[in-house]
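I have placed the structure first, in the form of structure tokens, so that the comments after it can refer back to it.
Just the heavy atoms: all of them, side chains too, but no hydrogens, waters or symmetry mates, feed the values below. As the structure is a prediction and not an experimental result, all values here were calculated from the model.
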Number of protein chains: 2
Amino acid sequence: MRANELPEVRHLPLFRDMLQANFEQLMQGAYAQTFPTGVELIRQGDPADFLHIVIAGSVEMYAEWGGRTCTMAVVQPVGSFILAACIRDAPYLMSARTLEKSRLILVPSSDLRAVFRRDPEFAVSTITELAGAFRSVARHAKGLKLRTSRERVAAYLLKQSRQAGNVESFVLGVEKRLIASYLGMTPENLSRTLRQLEGEGIRVNGQQVTITDRHRLMAVAPPDPLIDGPDGPGAGVGMSLPPPSTASAKPREKVVSPTGFEPVTH
Amino acid sequence: MRANELPEVRHLPLFRDMLQANFEQLMQGAYAQTFPTGVELIRQGDPADFLHIVIAGSVEMYAEWGGRTCTMAVVQPVGSFILAACIRDAPYLMSARTLEKSRLILVPSSDLRAVFRRDPEFAVSTITELAGAFRSVARHAKGLKLRTSRERVAAYLLKQSRQAGNVESFVLGVEKRLIASYLGMTPENLSRTLRQLEGEGIRVNGQQVTITDRHRLMAVAPPDPLIDGPDGPGAGVGMSLPPPSTASAKPREKVVSPTGFEPVTH
DNA sequence: ATCCAGAATTGATCTTTGTCAATGACAACA
DNA sequence: TGTTGTCATTGACAAAGATCAATTCTGGAT
């Protein structure tokens, strides 16, 4: 593992309050690895051997059943995933694959369980993290049950705009088919819905989305912190998609990885 | 609070491992109260002042948005709810109402937070509980996204049958409209789906459901522990509906409250 | 510059699901 | 023993969403 990676991990909400000695012990048992695009990191149903931390790149969490697939979340640096499975020493509920070349740190889940038993600060951090993750999925489930797909799309756009700093124009950081799957609809349906929403205060051009009439869009789906997450940039994650980039879409140019700040779970 | 209620609470997975002194302190700040049917115990958006523990009766957790409502879970004795909100000192994501005359214990969330900071065993229990709750909602969300409503109904029936001990015949412990809402569909749609499934290995008579051809029903929706929860009776909860009663439906007779054993979160 | 594969879009069509309205069943209650 | 309110069921219809097929677009590689 590279030396310059540790401080980043150390500053994660999950690890920032623990004793240095314990942190070092955790990292001693851990190892880092870089994966190319499209690698299946974990497979749902497998035993939870490692907590995964994304240092660079991005990872899609998805679930499968009977031949169908759906995206549950996209994890970006610096974020961790499948904490709950590690803790309960239970099979993963989701699979994960790299969406691009990515670097991860893998922490043995047995070490994890051992450490929070003797480091109260780490235990509290874990509790806070898990409570946030729970609330995040609960909100997601609420959205799926209480909103139509049109409303989910509108709310999603408003949330992305908000996370980008309430700018009028932003770039979807993820392929539309992933967004569609995350929102529980087909790509075709998302495409049509976006088109339809162009009469409701937005303009879409490829990855570039412009909100021309925020008030109008909010009328389609009034934002609700109890579904969309708390206000302010840097909010969200857990079971969500990454924050959008503020920059304009620039064809022919490597897009800079969206800010990379650490979103907080609530 | 009655003396005979404490041992029950003490034996909850959440409290069973903590120091007696800390448990007593928690309970000292707590108070018990009995509510009639249909009382709104908490309202989504309100600050999370108390952890709620159901001693008797049953409580529906539900969510609202823009005039719509959906059932998220039904909590039965002895179970707790809104732990996550208490921990994060954040607004409730869901509302709760009594489905019948119910007795609850309310534990101030500030006490809760204070105690798990100094009782490592309690911290571990909290972690385990939260991780289980997270997995429970995550499974629910998977079901909503990966299954059609027909498949959700079939899977629900299989799960209920399994929880009742793999019996062929059991009683739905909850109103069908609640089940429908929980499964993310309308009562009409549930009604029609049940009717349709009568050609796929079940027979329905009011609250009484009989599985005439388990194999056939499983073909409609192959059960998956990564969605339906771990095998064996006593599994589930978190974000689920209560286990069904094994007994036959007896018209004109007060139905005995379904077993009341404590389901474990996974 | 050209080619290629995957993504996105669009149209046509079908299935699923929701909505509205009416009716029936049932239990609590006067 | 009616009465009444709620839940469940059913039918008819409308809306939403999925599926299939055909292009079109785009970005990357040759």
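For Y92(A), there are no ring pair (Phe, Tyr, Trp, His ring centres under 6.0 Å) partners, not counting sequence neighbours. Listed by chain and residue number, nothing satisfies the salt bridge (charged side-chain N to carboxylate O under 4.0 Å, His left out) test with R152(B) (two or more places apart in sequence, or in another chain). Residues satisfying the salt bridge (charged side-chain N to carboxylate O under 4.0 Å, His left out) test with R192(B), not counting sequence neighbours, are none. Contacts of R216(B) classified as side chain to side chain contact (heavy atoms under 4.5 Å, CB included), with partners at least two apart in sequence or in another chain: E200(B), D213(B).
Rounded to whole Å, the distance from NZ on K176(B) to C1' on dT9(D) is 9 Å. Remark: P of dT9(D) and CD of Q196(B) are 15 Å apart, rounded to the nearest angstrom. Distance R177(A) CZ to dG27(D) P: 16 Å, rounded to the nearest Å. What separates CG of L146(A) from P of dG18(C) is a distance of 13 Å, to the nearest Å. Between the CD atom of E175(B) and the C1' atom of dA8(D) there is a distance of 10 Å, rounded to whole Å.
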**Prompt:** Which nucleotides of nucleotides 20-26 of chain D have their base under 4.0 Å from a protein heavy atom (B), which only their sugar-phosphate (S), and which neither (-), written as one string 5' to 3'?
**Reply:** B------
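Summarising the local packing, CZ of R214(A) is surrounded by more than 12 heavy atoms from other residues, nucleotides or ligands at distances under 6.0 Å.
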Review item, nucleotides 13-17 of chain D N/O atoms under 3.5 Å of protein N/O:
{"residue": "dG17(D)", "atom": "OP1", "partner": "S149(A)", "partner atom": "N", "Å": "2.9"}
{"residue": "dG17(D)", "atom": "OP1", "partner": "S149(A)", "partner atom": "OG", "Å": "2.8"}
{"residue": "dG17(D)", "atom": "OP2", "partner": "S149(A)", "partner atom": "OG", "Å": "2.9"}

